[in-house]
Amino acid sequence: MTSEAASHLPRHGRRQMHLGAFLLESGHHVAAWRHPDVPPRAGLDLALYQRLAREAEAACLDAIFLADSVATESGPGAERLSRSTRFEPLTLLSALAAGTSRIGLVSTVTTSYNEPYTVARQLLSLDHLSAGRVGWNLVTSDNANEAGNFGRDAHLAHGDRYARAREFLDVVQGLWDSWDDDALLDDRAAGLYCDPDQRHTLDHAGAQFRVRGPLNVPRSPQGQPVIAQAGASEPGLQLAAASAELVFTAQPTRERAQAFYTDLKSRAQAQGRSRDALKILPGAYVVVAPTRAEAEDRQAQLQSLVHRDTALGLLSRMIGNIDLRGLDWDAPLPELPLTDSGQRSRQQLLTRLGQEDGLTLGQLAMKIAGGRGHLSVIGSVSEVADVLQDWFEHGAADGFNLMPPLLPTGFEAITRLLVPELQRRGLFRTRYEGSTLREHLGLARPASRYPAATLAKESA
């Protein structure tokens, strides 16, 4: 074990999981909003989100994660989805930051329909407001409806979205280094607020952006916000290997998760990075109860609330923004064109899932109603813990982005039943040992790209 890896272990020396709480409106099951345990308009209930944030922090989870889309759902069955309305996530996380002190706050922000300076400023402001607890899930937008909200007649092509994303990230990280760590002097006697030699102008001129800088927010308490990424297409893997520090991924089986884990860690090493500089957290749709029978009953109740149009609409969206209406519900999924507006990796995953399991269109649509192609674990506390431990200890994951089926009760079952079992097994922390998201994840504090002023000061 390298000294770097050893420095990321908890004090007792045993490698532990990282656990995130992936909070989706009403819950991850597509019919969760119809369940009697879910409050009306749960996705617009600030008090509920505040309750969930406190619950996550009490369980010592690494972070809360919020997905996002800058368009409503308007495909097949959209009128039956609670996800057509949602808070802007950075605004919501700002409210949650005020009522918490340790839990990390990770937000999806698209590079397809934003500008680097604005995103850099928003994320870094929230990072300061939360004392260094922010992560940015960089996405390239897979909702083609977003184009019309930003003056475009058509969604950006897959390759173009990633070309923009790579440059976007470089600009944002450059702006985050606009100020050295101790650039703000606040020297009242001398009347000098900042050291001009520790302020840097980016002057970026690239194929996608021209950004002068500097940013008008000082450097992060944790150096920079944590970079998360979730793309699994070839361009997405290349981007993650080069720059991601936290990777969310959909993997339905341990074998596929192991192959993904090994491949991405190797790619990161080929980029000159440490394997431990990148944490891989597969999504895990978890329905947990004291007994397996109770868990299965809870899942069956949710499945009974799924309208056929809802299931078909979700599959249409997830398989690449392809309208599946008119296809035979009881026939196998036909061969589909390669999506250029949606997620190619998810299209491949779901197509393969249907083929390998011999599923009809309807069976596939119902199968993904909860986990959308992620690992789905339904069982007793010990059974669910066994599966997560198996993946973690056999090179398939550094932890999990936990996906509760419904809110709040499905999440409380995870935090109050599953997490204590993982703690009992020594697989998860019982208290926070740091205060920033980087410290929770065992990630190094990034150095500034402008070392000259700091080096000059040290040698003076």
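These values consider heavy atoms only, across backbone and side chains, with no hydrogens, waters or symmetry-generated copies. FYI, the numbering just counts along the sequence from 1.
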Is a side-chain donor or acceptor of [X] paired with a backbone partner of [Y] at a separation under 3.5 angstrom?
| X | Y | value |
| --- | --- | --- |
| Q16 | L427 | no |
| Q363 | T360 | yes |
| E57 | R102 | yes |
| R325 | D309 | no |

Any idea how F168 and W136 line up, ring-wise: parallel (<30°), tilted (30 to 60°), or perpendicular (>60°)? tilted
Any luck finding a side-chain donor-acceptor pair between [X] and [Y] under 3.5 Å?
| X | Y | result |
| --- | --- | --- |
| Q222 | D127 | yes |
| H29 | Q303 | yes |
| T91 | E88 | yes |
| T100 | R133 | yes |
| Y285 | Q299 | yes |
| D68 | T108 | no |
| E412 | T415 | no |

According to the ring-ring contact (aromatic ring centres under 6.0 Å, His included) rule, which pairs have a member within residues 245-278, sequence neighbours left out? F65-F248
Could you note down all residue pairs passing ring-ring contact (aromatic ring centres under 6.0 Å, His included) where residues 382-422 supplies at least one of them, sequence neighbours left out? none
Partners meeting side chain to side chain contact (heavy atoms under 4.5 Å, CB included) with [X] (sequence neighbours left out):
| X | value |
| --- | --- |
| A311 | V306, W329, A365, M366 |
| S380 | S382, E383 |
| D263 | L237, R267 |
| S69 | A71, R86, N143, E146 |

Using a 4.5 Å cut-off on heavy atoms from C-beta on, say whether the side chain of [Y] contacts that of [X].
| X | Y | answer |
| --- | --- | --- |
| R438 | Q224 | yes |
| E245 | L441 | no |
| P252 | L349 | yes |
| W33 | L305 | no |
| R164 | R161 | no |
| H374 | P282 | no |
| V226 | V106 | no |
| L138 | V172 | no |

Is [X] salt-bridged to [Y], cutoff N-O under 4.0 Å?
| X | Y | result |
| --- | --- | --- |
| R14 | E393 | yes |
| K279 | D62 | no |
| D398 | K265 | yes |
| R51 | E55 | no |
| E439 | R445 | no |
| R256 | E356 | yes |

Shortest non-hydrogen pair, T110 vs S112, comes out as OG1-N, 2.9 Å
What closest approach, in Å, do L264 and A241 show between heavy atoms, and which atom pair accounts for it? CD1-N, 3.9 Å
Using side chain to side chain contact (heavy atoms under 4.5 Å, CB included) as the criterion, point out the one residue from [options] that pairs with [X].
| X | options | answer |
| --- | --- | --- |
| L246 | L281, N137, N401 | L281 |
| P405 | V30, V287, V286 | V287 |
| Q122 | T118, L124, L126 | T118 |

Chi angles and distances behind the salt bridge (charged side-chain N to carboxylate O under 4.0 Å, His left out) call for E234, R344: CA-CA 9 Å; E234 184 58 31; R344 289 185 177 177; over 6 Å; no
Evaluate S304 against Q301 for side chain to side chain donor-acceptor pair (under 3.5 Å), listing each step before the verdict. CA-CA 5 Å; S304 73; Q301 184 181 11; over 6 Å; no
Taking it one step at a time, do R425 and E421 satisfy salt bridge (charged side-chain N to carboxylate O under 4.0 Å, His left out)? CA-CA 6 Å; R425 298 184 185 197; E421 175 62 15; 2.7 Å; yes
R292 and E296: CA distance, side-chain angles, deciding distance, salt bridge (charged side-chain N to carboxylate O under 4.0 Å, His left out) verdict: CA-CA 6 Å; R292 181 177 183 82; E296 290 177 339; 3.0 Å; yes
Looking at CD1 of I319 and CG of L364, how far apart are the two atoms once the value is rounded to the nearest 0.5 Å? 6.0 Å
